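Before any comments, here is the structure.
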Number of protein chains: 2
Amino acid sequence: MKIGELSRRTGVSQRALRYYEQQGMLAPHRRESGYREYGEDAVGAVRRIRTLLAAGLPTRTIAEVLPCIVEVSDEDVASTCPDDLAVYLADERTRISDAITELQTARDLLDRILESRSAAADAHP
Amino acid sequence: MKIGELSRRTGVSQRALRYYEQQGMLAPHRRESGYREYGEDAVGAVRRIRTLLAAGLPTRTIAEVLPCIVEVSDEDVASTCPDDLAVYLADERTRISDAITELQTARDLLDRILESRSAAADAHP
DNA sequence: CTAAAGTCTGACGTCAGTGTCAGAGTCCAC
DNA sequence: GTGGACTCTGACACTGACGTCAGACTTTAG
């Protein structure tokens with residue numbers, strides 16, 4: 001498929017898709033004309049890119065880890081993942097867990113604010 | 001206290017503290033000399049700023065929500081929080097929950113990668 | 001065949017949250 | 001009172017992940 005379709009199917013802008021390619025995270029084939037040609041697997045790849053980007057992993061890391069992922073129906077299986085990368089990924093995993101905790105703290109804070117507000121509304125109906 | 005002490009006590013750089021002020025999130029008193037003078041409550045305020053920044057709230061929103069927070073020992077209570085802000089905060093709450101889900105998805109992906117890797121190591125010891 | 005729609009590269013803009021540096025003024029312990 | 005530590009403002013730099021625009025080329029529907 002061409003870039004427009006991939007963009008529509010993933011919800012990711014064409015600009016972003018080109019950026020992903022520039023960063024080595026995607027490598028579509030090219031037609032004679034220079035048009036990018038993406039395979040079906042690009043949809044899953046883009047989905048993973050978004051997930052890892054949202055988790056704060058740098059593009060370089062994502063570019064390294066994506067080749068480790070082989071699609072098996074809906075599950076992902078890593079094959080040739082070098083040791084040093086695995087160590088780094090374990091660090092990232094820790095960072096993500098910490099981030100989750102922080103977000104939960106933030107959400108709790110918002111909850112307390114919103115809750116005490118509704119409590120005040122109850123007091124002055 | 002002056003900015004150096006607040007920086008040490010919060011682990012936040014002086015540059016960042018000045019930026020927070022510029023964005024209206026902090027409003028320290030000033031000495032005759034122009035030196036910033038922070039109260040004890042600034043420590044908690046900075047802690048909340050970090051939490052909400054980490055959660056992706058924009059500085060403008062944080063500047064609006066901080067005055068809603070009145071310290072009650074270790075709990076926070078909102079007082080005069082305008083309706084429209086509350087609506088917006090509820091949206092942010094949703095966004096944060098979504099972000100947590102995304103992070104968990106990313107962590108699961110990393111787990112599958114790391115797990116299948118150790119499985120491969122077991123297969124070829 | 002033609003016009004409209006799609007795509008290309010390249011470059012500059014943006015935004016948040018700082019880092020860093022310069023040059024000048026201030027504080028405080030001795 | 002002095003010297004070293006601290007603080008001030010202002011400005012420019014930087015990073016990441018894109019947005020946006022220009023100008024040229026390609027594809028596709030009719």
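Quick note on labels: first sequence line is chain A, next is B, and so on, each numbered from 1. Here the structure is a predicted model, which is why all the values come from computation and not from measurement.
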In whole angstrom, give the distance that lies between atom [atom1] of [X] and atom [atom2] of [N].
{"X": "A/Y19", "N": "C/dC12", "atom1": "OH", "atom2": "P", "answer": "18 Å"}
{"X": "B/I49", "N": "C/dT18", "atom1": "CD1", "atom2": "P", "answer": "10 Å"}
{"X": "A/Q22", "N": "D/dG19", "atom1": "CD", "atom2": "P", "answer": "14 Å"}
{"X": "B/I3", "N": "D/dT9", "atom1": "CD1", "atom2": "C1'", "answer": "12 Å"}
{"X": "A/R18", "N": "D/dT20", "atom1": "CZ", "atom2": "P", "answer": "14 Å"}

Could you identify which residues of residues 30-44 of chain A place a heavy atom less than 4.0 Å from some atom of DNA chain C, listed by residue number, or say none?
-> A/R30, A/G34, A/Y35, A/R36

Short side-chain N/O contact from [X] to OP1 or OP2 of [N], under 4.0 Å:
{"X": "A/Y20", "N": "D/dC18", "result": "yes"}
{"X": "B/Q23", "N": "C/dA16", "result": "no"}
{"X": "B/S13", "N": "C/dG19", "result": "yes"}

Would you say the side chain of A/R15 and the base of D/dT20 hold a donor-acceptor pair, judged only by whether the two atoms sit under 3.5 Å apart?
-> yes

Roughly how far, to the nearest 0.5 Å, is the CZ atom of A/R112 from the CD atom of A/E115?
-> 9.0 Å

Looking only at side-chain atoms of B/Q14, point me to the closest of D/dG16, D/dT7, C/dG17.
-> D/dT7

